[in-house]
Amino acid sequence: MPLSLNEVRTRAAAFARDWADAFDEDAEAQSFWDGFFRVFGQERRQVAMFEKFVTKLNNKQGYIDLFWPGKLVVEHKSKGKNLDRAFDQAADYFTGLKPAEYPRYIIVSDFARIRLYDLDHNSKHEITLAELPEKVDLFKFIAGYEQTQYKEQDHANIEAAELMGRLHDAMLATGYEGHALELYLVRLLFCLFAEDSNIFEKYQFQSYIEDRTAADGSDLGAKLSELFYVLNTEPSKRLRNLDEQLGAFAYVNGGLFQEMLPPAGFDARMREKLLECCSLDWSRISPAIFGSLFQSVMDKEKRRNLGAHYTSEKNILKLIKPLFLDELQEEFETIKGYKNSTQRQNALNKFHQKISELRFLDPACGCGNFLIVSYRELRVLELEVIRELQGIQMVTDVSQLVLCDVGQFYGIEIEEFPSQIAQVALWLMDHQMNLRVSDAFGQYYARLPLKSQPHIVHANALRTDWQSLITPVPGDARPAVFDYILGNPPFSGAKIMNQEQRDDVVRIFDNSRGSGTLDFVAAWYLLAAKYINKNPGVKAAFVSTNSVTQGEQVVIIWYKILHELGLEIQFAHQTFKWQNEAKGLAAVHCVIIGYSKHTNRVKYLYVDKNGESITQQVKNINPYLVEGKNVFVQTRNAPICDVKQLGIGNKPIDGGAYLFTTDEKDDFLKKEPLARKYFKRWMGSDEFINGIERWCLYLGDSTPEELIKMPSVLLRVEKVRKSRLASKAESTRKLANSPTKFHVEFIPKDSYLVIPEVSTERRAYIPIGYLSPDVLSSNKLRLLPNATLFEYGILTSQIHMDWMRYVAGRMKSDYSYSINIVYNNFPWPEAPTEAQKQAVEEAAQQVLDTRAKYPGSSLATLYNPLTMPGDLLKAHQQLDKAVDKCYRKEPFKDERERIEYLFGLYEQYTAGLLAGLGEKKRKGKKR
């Protein structure tokens, strides 16, 4: 147990007096540091060594004067020597250390002066020996009082997870598996953290293994079983003749060590792996991060990209701050401003009681990241409240001041192992926050044995009554409900869900139309909304892929939540990249949406620009995460404006028999020269954008007499017939009766406009253009026959691109241009003048003319933001201005202003159609 800081100061005063006239012999230096450590209640030999041998970068050998792995390097000099050079010398030793051994602190000293470098905070402090009693706070990390700064990609986190992964593999290889293996590893994880964070004595677990088990590991399993039993047994109920070293372990309780596990078998190599785990400084490892890393090592596929599978604390804070933290902090600041001390004291006590009674639920908690960070931030706030309440009064028992505990946190997780990690990680965070309280008030505070525990349930959240997690307390007047629901549920898309998952989503959405196409995460959004509808004071927020705010899903999800259940979006983060720094990790494009029952409060919209989040206060946030009234852009079979129908290209359903590369076509024509007239250029999205040359054998106009003369062609026809007959779809099998025909045919007679179905999000503009009638397009292109320059100008303009970006679905992160969602719902300018139309046509022609100046460049190159020619960009900008003037006289400032205007226009055009849920076609002038 750490000394109180008052005791440390008393010892420091005695130490400073004793060493006031120190000499500079080597023996004196070692005695100096032994005594220095005793000031802080540490026996130096138990944590640090003198003269650690290292090989430096220049291949020279060196010795660190004092080395505490992962914590401290000391370089000691004679009186009056240059301490800057001493620091440089200490820093040179780093190249001879393992990353996990890198210290947070460097101390250089010459007896009279002690200089401390904190490498995490990039700070430096120098004191004289005489000043030590007043400045002990600088060195209190030696006593165990330390606020760890966690780095999300800290190598220690990765190395710790890899070490545990190797131990996992070794135990698995012995046949120890499943639930027993997972719980066993979680127990070891607790013990490793415990001995580096003052739950156990320093090195207590490591020493037990070294001193009480055989080097060959043969009895390690039995000795660990004994330890687990002791940790679950109250001291008064332990054997009287229990091994002294074993009996020194604290009683943990909490259920972690309660279950009797089958004995595990170890060997010498496995024992070394466990001792290697003990050698790390686990106090530097974040419970919020490590849990997910630990889970990842159990999956060899995930282990290849270790570091990719946790949620960064930065992203977690994006959710919890607007959900509850900012509001609580604001309330606290208001109370602090009360002038009347009695009123202020009462309000602080009431606020303290309030935050200690809040309940938090993560219904897809995984390893508990959101719960852990939320608990930490709640405890940080509580510490501020306690400081404010105590003022300058002497604190006699700090344990009476802390009211918040892990029992306020609830989670549901479908996998057993992460649910166990979540519970342990919350306990570890609780202990770390207790150490922070100890640090603040100079008294050691720990909650052992564990009495309160988090409520983490191993279950399917979509088939569990969330309310059942709360057990009402007799006599408790507060409502037995959750205050906040939060997390990041599974991101699985509709196409990769299994049948059980799809059935759950459809059931939760009451079997409503289109629910079978929803992403998995949609179920959590609606379940939380239904819970809020029954308990109006509850607030919820989730991280999810941005698909819930795009395409067809918007109407299905948000019409129920916002219209039928009467909820509001209180805050939202527009699309941002949910990305960690692991190599090779593709970013997931996410949104954060917080919602609750209707309130009159200001809503907050967060927009990520250049990595920074910009906050906008708005009156209402619609389901596309734009300021404005709630509108629902649903699938329509016809445009809302009186414009031409947009169609799709050809869909052969040919099993690849009719499609050729240029080389394949040339080889085929050598065998079948009569087929030449049936070959046409073939264009899909990829071919159109990237300038790829492909060909199609189109036989729709051929006669039987012509076909019979081309045996190689007939082989292709037969291949198509067999391919269609083998289909599971009856409609496709019927097509086998006409194998020379495409399933969908568009054989143009004039030039036509094409829009690629899929285009990368990196482009400011989807490349749109004209094709000649001798080119056949695939169903991956959208077609507008006989399109005018005005129509081309509108469709390739920035305002149409903005609309597409907000309402279109996605293929991964690429835009997916839907006719029924994007085009049919697009609000064309209501009544442009002839002059405005002419201006658009001229600007559109200029875009085409500019593109024609680069005949050797593909559209992919021309519209790549890094290679787009300046004159083409300028031509587009001129077109954008001309199109904007068709909508209104004043220019739009930015994308936000344009999209808000378009949603307003959409609402106007669809008035009377129940917010766009009809199929009525708007009548008006031809566009």
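Everything numeric here is computed off the predicted structure, so don't read it as measured data. Numbers for residues simply follow the sequence, beginning at 1.
You'll find the ring centres of Y752 and F746 inside the 6.0 Å limit. Between W682 and Y698, the distance separating the two ring centers is not shorter than 6.0 angstrom. Y817 and Y823 have their aromatic ring centers separated by at least 6.0 angstrom. Within the 6.0 Å centre-distance limit, the rings of Y559 and F632 are counted as a close aromatic pair.
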Enumerate, atom names and distances included, each donor-acceptor pair closer than 3.5 Å involving a side-chain atom of residues 851-860, sequence neighbours excluded.
unit_1: R851; atom_1: NH1; unit_2: I768; atom_2: O; d: 2.9
unit_1: R851; atom_1: NH1; unit_2: Y863; atom_2: OH; d: 2.9
unit_1: R851; atom_1: NH2; unit_2: I768; atom_2: O; d: 2.8
unit_1: K853; atom_1: NZ; unit_2: D871; atom_2: OD2; d: 2.7
unit_1: Y854; atom_1: OH; unit_2: D871; atom_2: OD1; d: 2.9
unit_1: Y854; atom_1: OH; unit_2: D871; atom_2: OD2; d: 3.0
unit_1: S858; atom_1: OG; unit_2: A860; atom_2: N; d: 3.4
unit_1: S858; atom_1: OG; unit_2: T861; atom_2: N; d: 3.2
unit_1: S858; atom_1: OG; unit_2: T861; atom_2: OG1; d: 3.2

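The environment of NZ in K881 is sparse: at most 12 heavy-atom neighbours from other residues, nucleotides or ligands sit within 6.0 Å. The number of heavy atoms from other shown groups lying within 6.0 Å of CD (E730) does not exceed 12.
Under a 3.5 Å cut-off, the side chain of S777 and the backbone N or O of G649 do not form any donor-acceptor pair. Under the 3.5 Å distance criterion, the side-chain polar atoms of Q836 are matched with a main-chain donor or acceptor of K885. In terms of modelled atom types and a separation under 3.5 Å, the side chain of Y770 and the main chain of A787 share a donor-acceptor contact.
R724 and T732 make their closest contact through CB-O, 3.5 Å (heavy atoms, listed as atom of the first residue, atom of the second, distance). Nearest approach of V505 to L518, heavy atoms of both residues: CG1-CB, 4.0 Å.
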- request: Using the side chain to side chain donor-acceptor pair (under 3.5 Å) rule, take R763 and N864 through it: C-alpha gap first, then chi angles, then the decisive distance, then the call.
  value: CA-CA 6 Å; R763 300 186 184 110; N864 184 320; over 6 Å; no

field: Working for ring-ring contact (aromatic ring centres under 6.0 Å, His included), residues F903 and W803
entry: CA-CA 9 Å; F903 275 119; W803 176 261; 5.4 Å; yes

